[in-house]
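Comments concern the structure below.
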Amino acid sequence: MSIVNKSFVSIDDLNKKEIETIFQRAKVFKKLNSQKKSFKSACFANTDQELNALLFFAEPSTRTRISFEIACNKLGIHPVLFLDIHSSSIAKGESLDETLSTLKCLQPSVVILRYKGSQFKFDDSVPVINAGFGSYEHPTQALIDAFTIEEAKGSVKCKKVLILGDVLHSRVSNSNLKLLKRLGAEVAFCSPTSLIPKDPLWSDVTCFSNLNYSLEWADVIMCLRIQEERHGMSIGLSLAEYRDNYHLGWDQLRRIKSDCIILHPGPCIIGVEMSREAFTDKRSLIKNQVTNGLFIRSAVLSLILDFKWLA
Ligand code: ASP
């Protein structure tokens, strides 16, 4: 397991040392950023070749794409954007898979891939970073979340992390479960019955049926968006019913621990997953997660592209 010059598809691809390295590098990038210093003062590309990154985004994205794009700029990697599938040969009938393997023939240094399917075969001819793959995984988001927990709590180890909402369709929660368990957290979830994950990965994870009890238990609450685009709301309950039973609002905020932290990978639909008060509560680190995205994704790129590290 190593991601140097290889594809990074799942949390399983990372070895323990690499998780530590990513966090250490992210900390350095964060410090350099606060000092308005260049990321290139900490590392440099180990090649004379100009580096470029193909950002192939076949699903909507805001935070992930822009943070990868800024990370590329900060590291001197030229970002090439493939965003509008409707103005590409896909509109002429070429499949998404075919388009992607065609673009790999142009030999970008790395592909940053947001994808819909579940069939695409990853190989290491060009390293591919999974930037959100269907309902499968979103490993850089999990790294951001664990890093944010570590910053707030000192460590992830032994922290009680509650994942709340549409766990069944969430790629974020799959990656988080794997990473948080590896880092020694205690993970549980609370979801409507129809959104309980069926993957064996989740079979031994505690499932709370009572929201209030789960909120009192948690050191970290990670809310998830209802992934309507994946199920068209055929989940046996309406958004209003979801809100009535799983929403983080005024009453729920009073129940959670005073030092509990609230996370959300975004986009957060205010009024569904949580109220405006919860989003802006002093325990909410949702904006910090967005900022940390830049540092974690810079660290991942520097590792995969085998940058020489100076700091
Ligand atoms: N941004 C995350 C993802 O791409 C979460 C979400 O969309 O709800 O999976």
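Hydrogens, waters and symmetry mates are skipped; everything else that's a heavy atom, side chains included, is used. One-based numbering, in listed order, for ligands and for the atoms of each. When a residue number appears, it is its place in the shown sequence, counting from 1. Values in this document were obtained by computation on a predicted structure and should not be read as measured data.
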Is any side-chain heavy atom of E186 less than 4.5 Å from a side-chain heavy atom of V161?
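The answer is no; the side chains never approach within 4.5 Å.
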So K178 and D12, do their side chains get closer than 4.5 Å, heavy atoms only?
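Counting from C-beta outward, D12 and K178 do come under 4.5 Å.
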Who's the nearest protein heavy-atom neighbour of [atom], and how far?
{"atom": "atom 7 (O) of ligand 1", "value": "R225 NH2, 3.0 Å"}
{"atom": "atom 4 (O) of ligand 1", "value": "R171 NH2, 2.8 Å"}
{"atom": "atom 1 (N) of ligand 1", "value": "G266 O, 2.8 Å"}

Kindly indicate whether a cation-pi arrangement holds for R297 with F68, taking the cut-offs as under 6.0 Å to the six-membered ring centre and within 45° of the axis.
yes
Passing candidate, salt bridge (charged side-chain N to carboxylate O under 4.0 Å, His left out) with E59, options R114, R65, R171
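That would be R171; it is the only one of R114, R65, R171 passing the salt bridge (charged side-chain N to carboxylate O under 4.0 Å, His left out) with E59.
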Under 6.0 Å between the ring centres of F189 and W217?
no
For H138, take its heavy atoms, then give the atoms of ligand 1 lying under 4.0 Å from any of them.
3 (C), 4 (O), 9 (O)
Only heavy atoms of V172, strictly under 4.0 Å: list the atoms of ligand 1 that pass.
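Per the distance check, 2 (C), 5 (C), 9 (O).
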P267 heavy atom under 4.0 Å from ligand 1
yes
I need the contact type for [X] against ligand 1. Using non-hydrogen atoms and a strict under-4.0 Å cut-off, is it side chain, backbone, both or neither?
{"X": "Q141", "result": "neither"}
{"X": "Q227", "result": "side chain"}
{"X": "R114", "result": "side chain"}

Just verifying a value: how many Å separate T291 OG1 and I296 CD1, rounded to the nearest 0.5 Å?
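If we round to the nearest 0.5 Å, T291:OG1 and I296:CD1 are 12.5 Å apart.
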Positive for side chain to side chain contact (heavy atoms under 4.5 Å, CB included) with F8, one of I112, L143, L301, L303
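The passing option is L143.
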